[in-house]
A.B. asks: 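Sharing a structure with you now.
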Amino acid sequence: MRTRTVNKHSVDRPRRSPLLTVLTAVVLLYSLVPLAWLLVNSTKTQGDLFSSFGLWFGDSFALWDNVVATLTYDDGVFVRWLANTLLYVVVGAGGATFLAILGGYALAKFDFPGKRGVFAVVIGAVAVPGTALAVPTFLMFSQMGLTNTPWAVIIPSLISPFGLYLMWTFAIGAIPTELLEAARIDGAGEFRTFFRVSLPLLAPGIVTVLLFTMVATWNNYFLPLIMLRDSDWYPLTLGLNAWNAQAATAGGEAIFHLVITGSLLTILPLVAAFLVLQRYWQSGLAAGSVKE
């Protein structure tokens, strides 16, 4: 008599892997410990930073005082740096996302001479690190007289080869060609077809590209470092580094507690953006993983 083997593991009850569980815990710990350190130390005074354990609170809870001092120090220059960063993100990352949408849609759904060449250029641009282009970009902007201006940060941020590649690959699977042909047969023009038919289908991919470009622009350090000399145009990354280096200068004031609190305030908008757009981001990453 033949016996039938019953598989105890299914989608609802997957097989457990102790090794994978341990590795996941290590990665989670590696990710959360720096955030916990930042949160704990932002509640300390300058003296408590050096007299207490790094992962535990000090004698006084000075979070609110540190926040107020961070926002008002040096005539509120932190607020100016925050406004600059928002400007670079809205115009730079927003523009990069918009251009990636248009370029990715066109490359995915239209045929034109030189398409293979464009594909090779995009792939090559993704492989080139941004630091390799920093010096040529600086020389070019210097010749145009745009250094030490916001345009020196915004214009290079408009180009995102990786975002273009993501939108290209996403549009191929997200927009059926038959749907576009049906809209054209019904008399819809290309602009109406794009905005009314294609754009809603691209929403998960758009959010994914927007998050990537926003994080890259928000955390951008090297480009503003070589382009900007006027501290009034600094983003938060450059401004906090200037505060951190202030203690090493002659007669400089050590404000490490403000640097830590400013770092905490800097990451809050990114955390909020990921939490708000998490649903769209996850669906964008999972797009194409299930075939009908």
Side-chain angles (χ1 to χ4, degrees), residues 31 34-35 37-39 41-42 63-64 66-101 129-131 133-134 137-138 141 146-163 206-247 255-278 280-281:
S31 303
L35 295 177
W37 182 92
L38 187 64
L39 180 61
N41 286 274
S42 62
L63 177 60
W64 178 250
N66 289 342
V67 171
V68 173
T70 301
L71 298 178
T72 58
Y73 183 79
D74 196 11
D75 296 328
V77 69
F78 182 88
V79 179
R80 175 63 185 261
W81 294 338
L82 177 60
N84 293 340
T85 305
L86 291 175
L87 172 66
Y88 301 147
V89 168
V90 171
V91 181
T97 304
F98 180 72
L99 294 177
I101 295 169
T131 52
L133 302 175
T137 303
F138 172 79
F141 275 78
L146 293 178
T147 55
N148 202 32
T149 66
W151 296 111
V153 179
I154 292 174
I155 294 178
S157 301
L158 293 174
I159 308 302
S160 176
F162 184 63
I206 292 173
V207 173
T208 303
V209 173
L210 178 62
L211 284 173
F212 277 112
T213 55
M214 183 181 68
V215 171
T217 306
W218 191 277
N219 294 329
N220 197 356
Y221 173 78
F222 190 68
L223 180 65
L225 177 65
I226 65 173
M227 290 292 186
L228 302 176
R229 297 186 307 274
D230 188 356
S231 60
D232 287 339
W233 291 115
Y234 279 2
L236 287 170
T237 51
L238 217 57
L240 291 175
N241 181 70
W243 276 3
N244 187 55
Q246 182 172 299
I255 50 172
F256 297 120
H257 61 305
L258 301 188
V259 175
I260 294 174
T261 307
S263 301
L264 177 65
L265 297 177
T266 299
I267 68 171
L268 290 181
L270 292 180
V271 173
F274 271 89
L275 292 178
V276 172
L277 302 175
Q278 182 182 19
Y280 300 99
W281 183 48

A.B. asks: Are side-chain heavy atoms of Phe141 and Ile155 found at a separation under 4.5 Å?
C.D. replies: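 They are in contact (side-chain heavy atoms under 4.5 Å apart), so the answer is yes.
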A.B. asks: Between Met214 and Thr97, is the side chain to side chain contact (heavy atoms under 4.5 Å, CB included) condition met? List the steps.
C.D. replies: CA-CA 9 Å; Met214 183 181 68; Thr97 304; over 6 Å; no
A.B. asks: Quick one: does Val209's side chain get under 4.5 Å of Thr213's, heavy atoms only?
C.D. replies: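 Yes. Closest side-chain heavy atoms under 4.5 Å.
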A.B. asks: Using a 4.5 Å cut-off on heavy atoms from C-beta on, say whether the side chain of Thr149 contacts that of Leu146.
C.D. replies: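 Leu146 vs Thr149: side chains touch.
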A.B. asks: Evaluate side chain to side chain contact (heavy atoms under 4.5 Å, CB included) for Trp243 paired with Phe256, printing each intermediate quantity in order.
C.D. replies: CA-CA 8 Å; Trp243 276 3; Phe256 297 120; over 6 Å; no
A.B. asks: If you measure from CD1 on Ile260 to CG on Leu264, what distance do you get to the nearest 0.5 Å?
C.D. replies: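 Ile260 CD1 to Leu264 CG: 10.0 Å, rounded to 0.5 Å.
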A.B. asks: Suppose the criterion is side chain to side chain donor-acceptor pair (under 3.5 Å): which pairs have a residue in residues 152-162, not counting sequence neighbours?
C.D. replies: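 Non-adjacent pairs meeting side chain to side chain donor-acceptor pair (under 3.5 Å): zero.
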A.B. asks: Rounded to the nearest 0.5 Å, what's the gap from CG on Asn241 to OH on Tyr221? Could you check?
C.D. replies: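 Going from the CG atom of Asn241 to the OH atom of Tyr221 covers 3.5 Å.
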A.B. asks: Just grab all the side chain to side chain donor-acceptor pair (under 3.5 Å) pairs involving residues 81-92, residues at least two apart or on different chains.
C.D. replies: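 Pairs touching residues 81-92 that pass the test: Arg80-Asn84.
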A.B. asks: Just jot down the side chain to side chain donor-acceptor pair (under 3.5 Å) partners of Thr217, sequence neighbours excluded, or say none.
C.D. replies: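 If we apply the side chain to side chain donor-acceptor pair (under 3.5 Å) test to Thr217, skipping adjacent residues, there are no hits.
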A.B. asks: Not counting sequence neighbours, which residues clear side chain to side chain contact (heavy atoms under 4.5 Å, CB included) with Pro34? List them please.
C.D. replies: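 Testing Pro34 for side chain to side chain contact (heavy atoms under 4.5 Å, CB included), a comparison that skips the adjacent residues, returns none.
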A.B. asks: Enumerate, atom names and distances included, each donor-acceptor pair closer than 3.5 Å involving a side-chain atom of residues 225-240, sequence neighbours excluded.
C.D. replies:
{"from": "Asp230", "atom 1": "OD1", "to": "Asp232", "atom 2": "N", "distance (Å)": "3.1"}
{"from": "Thr237", "atom 1": "OG1", "to": "Asn220", "atom 2": "O", "distance (Å)": "2.8"}

A.B. asks: Phe274 versus Val215: any side-chain heavy-atom pair under 4.5 Å?
C.D. replies: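 They are in contact (side-chain heavy atoms under 4.5 Å apart), so the answer is yes.
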A.B. asks: Considering all heavy atoms of both residues, which atom of Pro156 and which atom of Leu223 are nearest to each other, and what is their separation?
C.D. replies: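 Minimum heavy-atom separation between Pro156 and Leu223: CB-CD2, 3.8 Å.
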A.B. asks: Would you say the side chain of Ile159 lies within less than 4.5 Å of the side chain of Pro161, judging by non-hydrogen atoms?
C.D. replies: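 They are in side-chain contact.
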A.B. asks: Donor-acceptor pairs under 3.5 Å, side chain of residues 66-76 to any protein atom, not counting sequence neighbours: which ones?
C.D. replies:
{"from": "Asn66", "atom 1": "ND2", "to": "Ser42", "atom 2": "O", "distance (Å)": "2.8"}
{"from": "Asn66", "atom 1": "ND2", "to": "Lys44", "atom 2": "O", "distance (Å)": "2.8"}
{"from": "Asn66", "atom 1": "ND2", "to": "Ala62", "atom 2": "O", "distance (Å)": "3.2"}
{"from": "Thr70", "atom 1": "OG1", "to": "Asn66", "atom 2": "O", "distance (Å)": "2.7"}
{"from": "Thr72", "atom 1": "OG1", "to": "Val68", "atom 2": "O", "distance (Å)": "2.7"}
{"from": "Tyr73", "atom 1": "OH", "to": "Gln246", "atom 2": "NE2", "distance (Å)": "2.9"}
{"from": "Tyr73", "atom 1": "OH", "to": "Glu253", "atom 2": "OE1", "distance (Å)": "3.2"}

A.B. asks: Which residue pairs satisfy the side chain to side chain donor-acceptor pair (under 3.5 Å) criterion with at least one member in residues 257-272, sequence neighbours excluded?
C.D. replies: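 Every side chain to side chain donor-acceptor pair (under 3.5 Å) pair that includes a residue of residues 257-272, provided the two are not neighbours, is Gln46-His257.
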A.B. asks: Could you work out, with side chain to side chain donor-acceptor pair (under 3.5 Å) as the rule, every residue matching Asn219, not counting sequence neighbours?
C.D. replies: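 Asn219 satisfies side chain to side chain donor-acceptor pair (under 3.5 Å) with no other residue.
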A.B. asks: Could you give me the CA-CA distance, side-chain angles and deciding distance for Leu35 and Leu39, then say whether side chain to side chain contact (heavy atoms under 4.5 Å, CB included) is met?
C.D. replies: CA-CA 6 Å; Leu35 295 177; Leu39 180 61; over 6 Å; no
